[in-house]
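Down below is the structure, laid out as structure tokens.
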Amino acid sequence: MRFNTCVILQPKASSVAEQFRGKVRSSGEVGLHSNRKPINEPQTHRVAERKAKMEDSSSKHIPENLDDPPNSRLFVVTSRCITEDELRDSFSRFGGIQGVWLVKDKQTKEPKGVSYVKFAKSSQACLAMEEMHGKVLLEGTKPIKVFIAQSRSSTRHRDVEDEELTRIFVMIPKTFTEEDLKNTFREFGDIEYCVIIRNKFTGESKGLGYVRYYKPSQAAHAIENCDKSYRAILAEPRSKNNSSEDYSAGGTRGGEYSSADSANQYPFTTPDQGSYAMLDLRQSDFTRSLMMSTRAVVTQEQIFALFDLIPGMEYCELHRDSYGMSKGHALIRYNNLGSAVYAKEKLNGFEYPPGNRLQVSFYDDGESPAGRMATQFVTAQIISSVWNGASSSQMIKPAGYPSVLSVPRVQTDVNLPPLKKLAPSDSKTKERLFVVFNPSTLPHDVLEDVFCRFGSLIEVHLVPGRKVGYMKYADKQCADEAMAVLHGRIVNGVKMKVMLADPPREESHKRPRTY
DNA sequence: CGACGGGACGC
DNA sequence: CGACGGGACGC
């Protein structure tokens with residue numbers, strides 16, 4: 001036992017956050033410091049299988065990786081007369097000490113009253129900080145101050161605040177509520193609050209969240225021990241926010257749409273939702289009205305039924321041109337812009353009756369600046385959202401709607417089964433297909449349209465910048481059938497190789513618990 | 001040939 | 001205020 005120093009622990013506040021970190025003014029210097037070499041801590045290295053070479057132990061480390069893992073090193077301000085052994089003894093009860101180092105003056109070799117204590121884990125360092133800060137180690141000396149050491153590469157000279165050590169940033173299922181988040185992470189410590197990052201307009205979770213603990217050791221414990229699939233890391237402080245967060249067309253910033261909730265309308269166009277309330281276009285007849293032209297014989301009832309497939313139609317009238325029956329045009333109006341844009345997207349070029357392509361355009365032909373803006377805006381949302389899973393399929397009428405409307409978008413040399421619903425996005429993937437496109441990739445929505453038809457499709461994933469993608473299926477047989485039917489086929493002029501995907505890179509993660 | 005792996009909060 | 005050592009793997 002090298003416990004020959006009487007360590008006096010003065011009971012004080014236990015939370016670092018509450019404690020006063022007063023200045024230490026060490027006056028006299030008692031030239032008592034240990035000159036012995038650093039002692040090898042029983043590290044958990046498994047270097048055993050090396051050539052027998054460096055067996056003479058006591059020559060190596062002070063830990064090489066000073067900041068590995070992050071926040072595992074303490075910066076300790078003490079009396080100048082503290083020894084390395086005394087420090088080590090004081091902190092060893094928190095476990096995992098990898099090194100203790102007293103800073104000394106370069107010239108005089110006198111200790112400067114500051115030292116570093118390296119732990120194996122951040123949680124150990126944090127706990128030691130919380131417990132030891134403010135303690136009096138040597139009778140008659142000032143209480144010590146204990147901080148997480150700045151990383152060696154950092155040039156900052158500020159103390160690391162608890163604020164930076166108590167909030168973690170995690171990836172969670174989109175279905176998680178704040179309650180779920182709290183229930184998941186409270187096993188690691190007392191939680192001050194949980195926040196889920198949501199789409200500001202729709203409230204839809206982005207699958208990311210923050211958990212604020214009361215103590216750094218709790219946050220560290222969570223990061224070290226929570227399921228790896230949460231990818232927990234320390235959250236960057238909010239204050240020094242990245243200066244450039246632009247909301248404009250930011251490329252991969254998709255997903256800014258809502259899920260359906262109200263019965264007969266597209267949620268992103270409900271009048272009381274602010275998406276583009278600023279463009280006061282919702283009540284404009286022009287931007288909600290479509291013109292349909294046809295050369296074939298159609299009846300008022302047929303056209304009505306067709307455009308009524310899109311929710312929100314409030315007016316539809318067919319006008320026959322002279323000498324009836326050979327030509328006609330119809331005026332259709334919806335009660336919201338989104339429905340009108342969607343109807344145009346889906347029905348323009350649609351063959352009805354078969355062999356006859358309908359022409360559908362905006363009544364104002366999209367020529368007004370406001371109309372163009374609105375069209376672009378809503379179209380962008382629709383393209384990425386319509387076929388995007390269970391929530392959006394709610395707004396599609398169950399009978400016939402999808403299969404009828406998707407016809408003009410996809411041309412292929414194979415007879416496709418009708419559209420099927422996507423599997424819920426949190427379904428477990430049972431099989432993945434790897435698809436190579438030649439000469440170029442296909443749009444996401446087209447692929448979803450094609451690959452969903454065998455059932456249980458969870459998600460289409462296109463690899464950015466590559467001509468390949470992955471199709472995730474919740475059912476193996478569905479995936480196999482898709483592969484059998486689609487391999488080597490041509491969709492919209494693009495030939496596809498459809499293969500089983502290699503297993504994803506091993507990451508030994510358990511799946512997130514589902515409560 | 002043709003391979004995935006991610007992340008940020010209205011002041 | 002109170003901040004960064006000693007010593008050198010071996011293809």
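For the numbers below, each heavy atom of this structure counts, side chains included, while hydrogens, waters and symmetry mates do not.
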Ring pair (Phe, Tyr, Trp, His ring centres under 6.0 Å) between H133(A) and F147(A): does it pass, once the steps are laid out? CA-CA 8 Å; H133(A) 184 75; F147(A) 305 90; 5.8 Å; yes

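- Taking syn as a glycosidic angle within 90° of 0, dC9(C) qualifies as syn.
- Comparing dC9(B), dC4(C), dG7(B) by their closest approach to the side chain of I197(A) singles out dC9(B).
- Residue H461(A) has no polar side-chain atom (N or O) positioned under 4.0 Å from OP1 or OP2 of dA3(B).
- Considering only side-chain N and O atoms, R466(A) lies nowhere under 4.0 angstrom from the phosphate OP1 or OP2 of dC1(B).
- With dG2(C), dG2(B), dC4(B) as the choices, the nucleotide that has an atom nearest any side-chain atom of F75(A) turns out to be dG2(C).
- In this structure, L74(A) atom CG and dA3(C) atom P are separated by 17 Å, rounded to whole Å.
- Less than 6.0 angstrom separates the ring centroid of F185(A) from the ring centroid of Y230(A).
- As judged by a 4.0 angstrom heavy-atom cut-off over every strand, R167(A) is placed among the base-contacting residues.
- Taking only side-chain atoms of R73(A), from C-beta outward, the nucleotide of dG7(B), dG5(B), dC4(C) with the closest atom is dC4(C).
- Note: CD (Q107(A)) to C1' (dG5(C)) measures 14 Å, nearest angstrom.
- Minimum atom distance to the side chain of R152(A) is reached by dC4(C), of the listed dC4(C), dG7(B), dG2(C).
- In this structure, Y116(A) forms no aromatic stack with the base of dA3(C), since the conditions of centre separation below 5.5 Å and plane angle below 30° are not both met.
- For M499(A), whose side chain is taken as the heavy atoms from C-beta onward, the closest listed nucleotide among dG2(C), dC4(C), dG2(B) is dG2(B).
- Nearest to the side-chain atoms of K109(A) among the listed nucleotides dG6(C), dG2(C), dC4(B) stands dG6(C).
- Backbone-only contact: K106(A) has heavy atoms under 4.0 Å from sugar-phosphate atoms and none from a base.
- Using a 4.0 Å heavy-atom cutoff across all strands shown, V170(A) reaches at least one base atom of the nucleic acid.
- Closest contact between the side chain of L208(A) and the listed nucleotides dC4(C), dA8(B), dC4(B) involves dA8(B).
- Interface remark: the R198(A) side chain does not form any donor-acceptor pair with the dC9(B) base, using a distance-only criterion of under 3.5 Å.
- Aromatic ring centroids of F188(A) and Y213(A) lie 6.0 Å or more apart.
- Taking atom CG of residue L462(A) and atom C1' of nucleotide dC4(B), one finds them 12 Å apart after rounding to whole Å.
- Rounded to a whole Å, the CD atom of Q98(A) is 19 Å from the P atom of dG5(C).
- The side chain of A149(A) lies closest to dA3(C), out of dA3(C), dG7(B), dG2(B).
- Among the nucleotides dG2(C), dG5(C), dA8(B), the one closest to the side chain of Y210(A) is dA8(B).
- Note on K112(A): a side-chain N or O is less than 4.0 Å away from OP1 or OP2 of dC4(C).
- Residue side chain K145(A) reaches the base of dG2(C) through a donor-acceptor N/O pair under 3.5 Å, judged by distance alone.
- Across H221(A) and S123(A), no two heavy atoms sit closer than the pair N-CB, 4.0 Å.
- Contact of N438(A) with dG2(B) (side chain to base): no donor-acceptor pair of N or O atoms is detected under 3.5 Å.
- Separating the CD1 atom of I458(A) from the P atom of dC4(B) is a distance of 20 Å, rounded to the nearest angstrom.
- Here the side chain of V436(A) is nearest to one of dC4(B), dG7(B), dG2(B), namely dG2(B).
- Side-chain contact, D227(A) with S229(A): a donor N or O sits under 3.5 Å from an acceptor N or O.
- Both geometric conditions, a ring-centre gap below 5.5 Å and a plane tilt below 30°, are not fulfilled together for W101(A) over the base of dC4(C).
- Taking atom CD of residue E236(A) and atom P of nucleotide dG7(B), one finds them 15 Å apart after rounding to whole Å.
- Here E178(A) pairs with R198(A) in a salt bridge; the nearest charged N to carboxylate O distance falls below 4.0 Å.
- dC9(B) atom P lies 14 Å from atom OH of Y193(A), rounded to whole Å.
- Distance Y470(A) OH to dG6(B) C1': 14 Å, rounded to the nearest Å.
- Salt bridge R93(A)/D89(A): absent, no basic N to carboxylate O contact under 4.0 Å.
- For dC11(B), the base has no donor-acceptor partner in the side chain of R238(A) [N/O atoms by modelled type, under 3.5 angstrom].
- Contact between the side-chain N/O atoms of K206(A) and the OP1/OP2 oxygens of dG7(B) is not found at any separation under 4.0 Å.
- Both thresholds, 5.5 Å between centres and 30° between ring planes, are met by F169(A) relative to the base of dA8(B), so the two rings are stacked.
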Would R152(A) and R73(A) satisfy side-chain contact (heavy atoms from CB on, under 4.5 Å), going step by step from the backbone distance to the final call? CA-CA 10 Å; R152(A) 205 74 194 275; R73(A) 197 172 53 124; 4.1 Å; yes

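- Each of A501(A) and V195(A) lies near DNA chain B, and the nucleotide nearest A501(A) is the one positioned closer to the 5' end.
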